[in-house]
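As the structure is a prediction and not an experimental result, all values here were calculated from the model. Only this structure's heavy atoms are used, side chains among them; waters, hydrogens and symmetry mates stay out. Just follow the structure's listing: the first ligand is 1, and inside any ligand the first atom is 1.
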Amino acid sequence: MILTYYINQLKIMNKKYNSIRLTTEKGIANLIFNRPDQLNAMNRQMMDEIIDCIAVVSQNEDIKVAIIKGEGRAFMAGADIKEYGNQTREEFKSFQERGKKLYDSIWNSSKPWIAAVNGYALGGGFEIALACDLIIASETSVMGLPEVFLSLIPGGGGTQRLIQKIGINRVKEMLFTGNKYSAKTLMDWGIVNTIVEFDSFDAAVMKYAEKLARRPSNSLAQLKRLANLSLTEMSFNLRIEDEGQTVFKLFYEEEAQLAIRDFITKNKTE
Ligand code: COA
């Protein structure tokens with residue numbers, strides 16, 4: 001057990017990235033976009049590093065919760081438009097395909113991923129936040145899908161994932177206008193979970209993550225899986241059946257049996 005922990009730690013410490021950083025503390029991973037002078041705009045190298053990092057974090061059983069944030073005044077201002085200008089057709093195709101893998105790997109990871117949006121989260125940056133399970137935003141953060149200004153559309157699930165989350169009319173407004181939205185508006189629309197003051201942002205995000213990290217990983221994984229299933233085409237009856245089978249399976253795992261016994265013992269002695 002201890003040996004596995006140190007092997008996992010070594011795997012993380014040996015990771016060398018250029019455009020992102022990965023730190024871990026108390027079972028919580030921090031994936032930090034690190035191109036602050038370019039507002040963390042995502043180029044190909046950065047995208048590849050993010051995909052690698054998500055896999056490292058997702059496979060590490062000592063990590064309970066993952067946070068994504070940006071260095072400097074942005075979470076991420078979207079895809080690197082300057083690099084777009086030099087991409088061949090093949091490179092752009094590959095960028096889009098790799099992008100899908102990035103968003104899907106957060107969505108399908110068994111761990112909870114928190115987007116800690118500290119500033120601009122635009123285009124692909126906002127789509128990464130949408131692929132996360134929870135969004136904690138600083139009060140001064142700004143989010144949106146401005147692709148329409150480039151005669152483009154979002155390519156990372158922005159049109160579909162967002163419609164499922166906030167409804168078609170609000171999404172059409174966001175997509176058609178390309179407007180930037182405050183954390184407050186997006187909280188009212190149900191996308192942002194919590195707004196935190198800018199000065200205490202990192203500490204508040206960490207406190208939130210620590211709370212989740214204390215919850216049993218097997219329950220969290222199943223809760224995430226089942227919640228995400230609700231956005232698929234699977235029928236309601238099948239999803240309810242899945243829920244029933246999952247609770248049955250969890251009930252007979254050691255963690256649940258111990259927790260139930262603990263509860264009963266504590267109540268008897270009090
Ligand atoms: N791609 C490439 N570079 C970007 C970028 C992006 N998506 N977003 C910002 N940058 C770069 C700027 O070119 C600038 O670089 P420079 O100093 O080398 O010129 C640097 O980041 C700072 O950005 P700047 O525009 O000067 O900051 P600002 O505070 O005036 O404006 C934004 C901030 C986010 C409103 C503005 O940068 C912007 O609109 N970015 C594009 C957002 C976008 O369309 N995203 C979707 C892409 S598909």
Side-chain angles (χ1 to χ4, degrees), residues 17-21 31-51 53 68-107 115-132 135-163 165-166 170-186 189 191-192 195 198-199 201:
Y17 297 117
N18 288 310
S19 309
I20 63 169
R21 285 187 285 123
L31 189 175
I32 304 154
F33 303 140
N34 196 24
R35 298 183 75 212
D37 55 336
Q38 297 299 304
L39 302 186
N40 300 319
M42 180 164 57
N43 59 17
R44 277 179 286 155
Q45 182 192 42
M46 187 174 177
M47 180 183 270
D48 285 344
E49 290 183 357
I50 296 170
I51 292 170
C53 185
I68 305 187
K69 58 188 177 189
E71 188 66 51
R73 63 190 178 97
F75 177 78
M76 179 191 283
D80 188 326
I81 303 169
K82 292 168 191 160
E83 195 185 61
Y84 266 6
N86 298 319
Q87 277 181 4
T88 63
R89 197 183 173 88
E90 277 312 303
E91 284 167 347
F92 184 69
K93 187 165 176 272
S94 153
F95 189 78
Q96 292 301 308
E97 285 165 2
R98 302 280 291 152
K100 183 174 183 319
K101 178 166 180 173
L102 189 166
Y103 304 110
D104 285 352
S105 60
I106 297 172
W107 189 254
V117 178
N118 52 312
Y120 289 113
L122 301 174
F126 185 52
E127 288 172 305
I128 289 180
L130 290 175
C132 289
I135 300 180
I136 304 180
S138 79
E139 56 193 347
T140 52
S141 61
V142 172
M143 288 162 261
L145 293 165
E147 285 86 349
V148 70
F149 292 119
L150 299 171
S151 283
L152 292 172
I153 62 162
T159 61
Q160 300 310 306
R161 225 167 240 139
L162 196 52
I163 288 173
K165 289 187 182 197
I166 63 172
R170 280 172 172 158
V171 176
K172 281 182 179 166
E173 182 198 306
M174 287 187 88
L175 295 169
F176 294 175
T177 64
N179 281 349
K180 299 181 186 69
Y181 293 83
S182 68
K184 165 83 178 62
T185 300
L186 294 186
W189 287 4
I191 314 175
V192 167
I195 298 178
F198 186 77
D199 291 341
F201 188 65

message = Protein non-hydrogen atoms only, distance under 4.0 Å: does atom 36 (C) of ligand 1 have such a neighbour?
response = no

task = Using a 4.5 Å cut-off on heavy atoms from C-beta on, say whether the side chain of Asn86 contacts that of Glu91.
result = no

task = Quick one: list whatever passes salt bridge (charged side-chain N to carboxylate O under 4.0 Å, His left out) with Lys101, sequence neighbours left out.
result = none

request  = Give a yes or no on whether atom 39 (O) of ligand 1 lies under 4.0 Å from any heavy atom of the protein.
outcome  = no

query = What is the nearest protein non-hydrogen atom to atom 44 (O) of ligand 1, stated with its residue, atom name and distance?
reply = Pro146 CG, 3.5 Å

task = Quick one: look up the protein heavy atom nearest atom 1 (N) of ligand 1 and list residue, atom name and how far away it is.
result = Ile81 N, 2.9 Å

query = Does a salt bridge link Arg161 with Glu127, judged by any charged N lying under 4.0 Å from a carboxylate O?
reply = no

query = Any idea which part of Leu152 is under 4.0 Å from ligand 1, heavy-atom wise: side chain, backbone, both or neither?
reply = neither

task = Specify the protein heavy atom at minimum distance from atom 8 (N) of ligand 1: its residue, its atom name, and the distance to 0.1 Å.
result = Ala77 CB, 3.5 Å

ask   = In the protein, what heavy atom is nearest to atom 12 (C) of ligand 1, and what distance, to one decimal place, separates them?
value = Lys82 NZ, 3.7 Å

remark   = One finds that the ligand 1 atoms under 4.0 Å from a non-hydrogen atom of Leu122 are 34 (C), 42 (C)

task = Distance to 0.1 Å, residue and atom name: give those for the protein heavy atom nearest to atom 5 (C) of ligand 1.
result = Ala41 CB, 3.9 Å

request  = Check whether any heavy atom of Asp37 sits under 4.0 Å from an atom of ligand 1.
outcome  = yes

inquiry  = Students should be able to answer this: which protein heavy-atom is nearest to atom 10 (N) of ligand 1, and at what distance?
reply    = Gln38 O, 3.7 Å

inquiry  = Please tell me if atom 28 (P) of ligand 1 is touched by the protein, where touching means a protein heavy-atom distance below 4.0 Å.
reply    = yes

task = Would you mind running through ligand 1 and noting each atom that sits below 4.0 Å from a heavy atom of Arg73?
result = 22 (C), 27 (O), 28 (P), 29 (O)

